[in-house]
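Just so you know, these numbers come straight off a predicted model, no measurement behind them.
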Amino acid sequence: MFSALFSGKNAKLILALLAILVIFSGLGLRAPWPADEPRFAQVAIEMVDSGQWFFPMRGGELYPDKPPVFMWSIAFFYWLLGSIKLAFLLPSALCGLLTLYLVYDLGKRLWNEQTGILAAALLLMSFQFVLQAKTAQIDAMVCAWITLGCYGLLRHIYCKDGWHWYYLGFAAMGLGVITKGVGFLPLLMLLPFFLARHFRPAADDIQGGWRWWAGPLAMLAVIALWFVPMLILVANSNDAAFELYRDNILLKQTAKRYADSWHHIKPFWYYLTSVIPLFWLPLSLLLPWLLPKWWRAIKAGDRRIILPLGWVILVLVFFSLSPGKRGVYILPALPMLTLISAPFLHDVLQRRWPARLINGVVALLGSLLLIMAIAGLLGVEKIQSLVDDYPIQPWWFLLSLGVIGLLGGLFVRDQGKSWLVFILPFWLLYSTWGYALLGPVKTPQQVLSNLQHHEPNPVPLVIIGLKEQFLLFAPYPLGHFGYHTPIRLQAQAAWQWLAEHPDGKVLVARQSGLNCLNFDKGIDLGFAHREDWLLLDNSARQPDCLVENPALPVFYAAKP
């Protein structure tokens with residue numbers, strides 16, 4: 001699939017150019033999209049505007065769900081470039097490039113240059129990896145830190161390049177922990193190493209004694225760079241909100257989130273059946289032929305396979321044991337899996353059925369897209385209904401992708417190269433034409449344009465049921481009553497707020513059960529994020545409203 005393209009003296013240059021083209025295409029062409037991107041972008045903007053970088057704030061309210069490292073990186077580029085459209089995707093893109101380099105360099109050191117290039121190329125062609133590198137979620141960054149942790153450990157325990165690589169690996173784990181709590185995962189690679197050393201010892205095995213324990217100390221030292229100042233600042237704040245921030249981020253968002261998740265509940269086998277087959281394409285198609293080769297390498301005692309493969313299995317088990325699961329959680333396992341697949345890739349793709357399987361899947365994807373596009377263009381009701389609520393007609397876009405996939409699957413047969421023919425245009429079209437199509441669907445711009453049409457001059461404005469994208473696009477300051485405040489209490493607070501601000505307006509999604517407000521008095525602003533949005537004024541206050549709590553505070557984003 002890749003060996004012909006990624007071979008020869010220009011292979012590294014071709015790979016680098018393709019990586020930059022695929023990952024950076026479309027940068028600056030779109031705004032942050034839900035669910036996570038507007039939140040992180042808004043936090044970064046408020047860091048720069050307020051000058052308060054240590055504690056993330058979302059709409060003037062503390063955001064305690066994640067450590068601040070990823071948001072710091074967006075804030076840095078926003079401060080540097082002055083454009084959130086450019087800044088919010090740069091950290092993930094750069095972390096994607098770092099991960100590709102680490103996989104390439106490991107492949108080169110453990111096997112040879114060609115293997116390193118193939119490993120990185122296989123990762124670049126993997127659907128989930130590129131998707132996250134082009135998305136402003138934390139996962140691309142934590143994947144980079146985890147890969148760097150594995151890199152440092154393998155440089156030490158297999159390549160014998162020195163203890164400083166071991167300590168670097170643990171320092172990377174510390175960065176991973178203060179980016180997203182699971183950054184310690186490379187530590188699991190020591191389990192297959194010590195088992196291999198015990199059952200099949202080698203003459204040059206590293207011993208080390210007490211120096212093994214210095215690695216966790218390096219990780220803790222990096223964590224302490226954020227953790228200790230945070231504790232000191234909270235202790236000196238005498239502010240209950242900061243104490244809640246500390247308790248939430250240290251307990252609820254770590255151990256409790258893993259052991260007793262309250263959302264994204266999935267069965268134990270979720271990753272094996274619902275994530276890996278689709279999101280790890282094309283590698284997932286080759287697993288039946290790779291497994292026997294890995295098994296033979298394990299029986300031969302090849303630690304280049306034993307250590308990364310043992311680690312991948314442990315990572316999958318770790319995330320499968322938690323009741324809360326999202327597909328992106330297992331992304332950090334993908335780089336190591338591509339690493340140990342690359343040595344056998346050329347041989348596997350020389351066989352008839354792996355290449356046929358890839359071609360068949362590409363042709364199938366192309367056919368499905370083509371059928372959907374033609375049905376949409378012909379006005380088939382069930383297909384058209386998918387976009388009835390949105391100002392979008394994606395049929396020519398889907399038709400283009402479908403034609404590319406079908407032709408690639410049917411006519412490009414050499415070693416599964418049809419995947420290259422399909423996936424490269426897919427990312428380029430998605431990052432340009434796709435961004436333009438999805439912009440009105442993924443943002444509330446039309447709703448807020450209608451708001452500005454009705455209220456061209458700034459007015460006191462609050463929202464019930466905050467969505468961070470409204471903060472990003474609001475034409476003037478937008479207040480809210482707390483992100484986690486129950487909706488019924490927000491409605492009661494809005495009822496009180498309107499009494500105190502007779503010229504104020506309330507932005508709210510149409511919903512039932514809010515007896516304090518009369519939605520029939522609202523102005524329809526349009527449809528966004530699966531909801532109809534209304535603008536209410538003082539006339540929407542119902543005569544009687546049972547207020548359960550005193551007036552809630554109104555939070556506003558900090559402005560420069």
Chemist: What pair of heavy atoms forms the shortest contact from A375 to I383, and how long is it?
Modeler: CB-CG1, 3.7 Å
Chemist: Any donor and acceptor pair, going by atom type alone, linking the side chain of Q393 with main-chain N or O of W395 inside 3.5 Å?
Modeler: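 No; judged by distance alone, with no hydrogens or angles, the pair does not exist.
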Chemist: Counting distance only, does the side-chain N/O of W145 pair as donor-acceptor with the main-chain N or O of G183 below 3.5 Å?
Modeler: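 A pair under 3.5 Å: no.
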Chemist: State whether the side chain of E46 and the backbone N or O of G60 hold a donor-acceptor pair below 3.5 Å, judged by distance alone.
Modeler: yes
Chemist: Using side-chain heavy atoms (C-beta onward) and a distance below 4.5 Å, is P38 in contact with W33?
Modeler: no
Chemist: So, do Q542 and N515 sit near enough that their side-chain heavy atoms are less than 4.5 Å apart?
Modeler: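 Result no, sub-4.5 Å side-chain heavy-atom pair not found.
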Chemist: What heavy-atom pair brings S320 and F268 nearest, and what distance separates the two atoms?
Modeler: O-CD1, 3.3 Å
Chemist: Would you indicate whether M372, at its atom CE, is surrounded by more than 12 heavy atoms from other residues, nucleotides or ligands within a distance under 6.0 Å?
Modeler: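 No, CE of M372 has 12 or fewer neighbouring heavy atoms, counting only those of other groups under 6.0 Å.
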Chemist: Would you say the side-chain atoms of K505 pair up with the backbone N or O of D537, donor to acceptor, closer than 3.5 Å?
Modeler: no
Chemist: Could you tell me if the side chain of I45 sits less than 4.5 Å from the side chain of L472, heavy atoms only?
Modeler: yes
Chemist: For the pair S431 (side chain) and G26 (backbone), establish whether a donor and an acceptor sit closer than 3.5 Å, ignoring hydrogens and angles.
Modeler: no
Chemist: Measure up the Y245 and F55 rings against each other and bin them: parallel (under 30°), tilted (30 to 60°), perpendicular (over 60°).
Modeler: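 If you compare the ring of Y245 with that of F55, the planes turn out perpendicular.
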Chemist: To check you understand the geometry: which heavy-atom pair defines the closest contact between L466 and Y483, and what is its length?
Modeler: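 Closest pair (atom of L466, atom of Y483, distance): O-CE1, 3.6 Å.
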Chemist: Any idea how F426 and F422 line up, ring-wise: parallel (<30°), tilted (30 to 60°), or perpendicular (>60°)?
Modeler: tilted
Chemist: Enter the distance from I178:CD1 to L225:CG here, rounded to the nearest 0.5 Å.
Modeler: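 These two atoms lie 6.5 Å from each other.
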Chemist: Less than 6.0 angstrom separating the ring centers of W533 and F470, yes or no?
Modeler: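 They qualify: ring centres under 6.0 Å apart.
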Chemist: Report the residue from T99, V142, L123 that forms a side-chain contact (heavy atoms from CB on, under 4.5 Å) with T147.
Modeler: T99
Chemist: If we ignore hydrogens and angles and just use 3.5 Å, is the side chain of S385 paired with the main-chain N or O of K382 as donor and acceptor?
Modeler: yes
Chemist: Tell me the closest heavy-atom pair linking I464 and A494, and the distance in Å.
Modeler: CD1-CB, 3.7 Å
Chemist: Using a 3.5 Å distance criterion without hydrogens, assess whether the side chain of R541 forms a donor-acceptor pair with backbone atoms of W495.
Modeler: yes
Chemist: Please list all pairs meeting ring pair (Phe, Tyr, Trp, His ring centres under 6.0 Å) that have one or both residues in residues 82-103, counting only residues at least two apart or in different chains.
Modeler: none
Chemist: According to salt bridge (Lys or Arg N to Asp or Glu O under 4.0 Å), does anything in residues 473-501 pair up with another residue at least two apart or in another chain? List the pairs.
Modeler: R488-E548
Chemist: Determine, stepwise, if the pair C516 / C545 fulfils disulfide bond (SG atoms under 2.5 Å apart).
Modeler: CA-CA 5 Å; C516 291; C545 175; 1.7 Å; yes
Chemist: Drop me the distance from L124's CG to L424's CG, to the nearest 0.5 angstrom.
Modeler: 7.5 Å
Chemist: If every non-hydrogen atom of F129 is compared with every non-hydrogen atom of G96, which pair is closest and at what distance?
Modeler: CZ-O, 3.3 Å
Chemist: Answer yes or no: is there a side-chain heavy-atom contact under 4.5 Å between I463 and F481?
Modeler: no
Chemist: Between S25 and K134, is any side-chain donor less than 3.5 angstrom from a side-chain acceptor?
Modeler: yes
Chemist: Look up atom CD1 in I74 and atom CG in L90, then write down how far apart they are to the nearest 0.5 Å.
Modeler: 9.5 Å
Chemist: Could you tell me whether the side chain of F76 reaches within less than 4.5 Å of the side chain of L81, counting heavy atoms only?
Modeler: no
Chemist: Can you tell me if Q490 uses its side chain to pair, donor with acceptor, with the backbone of G465 under 3.5 Å?
Modeler: yes
Chemist: Using ring centroids (six-membered ring only for Trp), state whether Y78 and W72 fall under 6.0 Å.
Modeler: no
Chemist: Are side-chain N/O atoms of Q492 and Q496 paired as donor and acceptor at under 3.5 Å?
Modeler: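 Note: Q492 and Q496 side chains miss the donor-acceptor criterion.
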Chemist: With salt bridge (Lys or Arg N to Asp or Glu O under 4.0 Å) as the rule and sequence neighbours excluded, what pairs involving residues 70-89 come up?
Modeler: none
Chemist: For side-chain contact (heavy atoms from CB on, under 4.5 Å), just list the numbers for W280 and F127, CA-CA rounded to whole Å, side-chain angles, deciding distance to a tenth of an Å, and then say yes or no.
Modeler: CA-CA 6 Å; W280 284 13; F127 184 77; over 6 Å; no
Chemist: Which heavy atom in P229 sits nearest to a heavy atom in A224, and how many Å separate them?
Modeler: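 Smallest heavy-atom distance, with atoms named: CD-O, 3.2 Å.
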Chemist: Check the angle between the aromatic planes of F40 and Y63 and answer parallel, tilted or perpendicular using the 30° and 60° thresholds.
Modeler: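 Taking Y63 first and then F40, their aromatic rings stand perpendicular (interplane angle over 60°).
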Chemist: Find out whether L62 and N248 are in side-chain contact, i.e. whether some heavy atom of one side chain is under 4.5 Å from a heavy atom of the other.
Modeler: no
Chemist: With a 4.5 Å cut-off on side-chain heavy atoms, are F184 and I146 touching?
Modeler: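 No - every pair of side-chain heavy atoms lies 4.5 Å or more apart.
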Chemist: Determine yes or no for a side-chain-to-main-chain donor-acceptor pair under 3.5 angstrom, with T135 supplying the side chain and Q137 the backbone.
Modeler: no
Chemist: Could you point out which residue of D524, L461, N450 forms a side-chain contact (heavy atoms from CB on, under 4.5 Å) with L535?
Modeler: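 Testing L535 for a side-chain contact (heavy atoms from CB on, under 4.5 Å) against D524, L461, N450 leaves exactly one candidate, L461.
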Chemist: Between the main-chain N or O of A136 and the side-chain N or O of E37, is there a donor-acceptor pair closer than 3.5 Å?
Modeler: yes
Chemist: How long is the straight-line distance from CG of L451 back to CG of L478, given to the nearest 0.5 Å?
Modeler: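 If we round to the nearest 0.5 Å, L478:CG and L451:CG are 9.0 Å apart.
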Chemist: Going by the angle between their ring planes, with limits at 30° and 60°, are H501 and W497 parallel, tilted or perpendicular?
Modeler: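 The rings of H501 and W497 lie parallel, inter-plane angle below 30°.
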Chemist: Could you give the distance from CD1 (I276) to CZ (F279), rounded to the nearest 0.5 Å?
Modeler: 12.0 Å
Chemist: Once rounded to the nearest 0.5 Å, what's the spacing between atom SG of C143 and atom CG of L185?
Modeler: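 The CG atom of L185 is 11.0 Å from SG of C143, to the nearest 0.5 Å.
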Chemist: Just so I know, are the side chains of P56 and M47 near enough to count as touching, which here means a heavy-atom distance under 4.5 Å?
Modeler: yes
Chemist: Can you confirm whether the side chains of T443 and Q445 place a donor and an acceptor under 3.5 Å from each other?
Modeler: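 The answer is yes; a qualifying pair exists.
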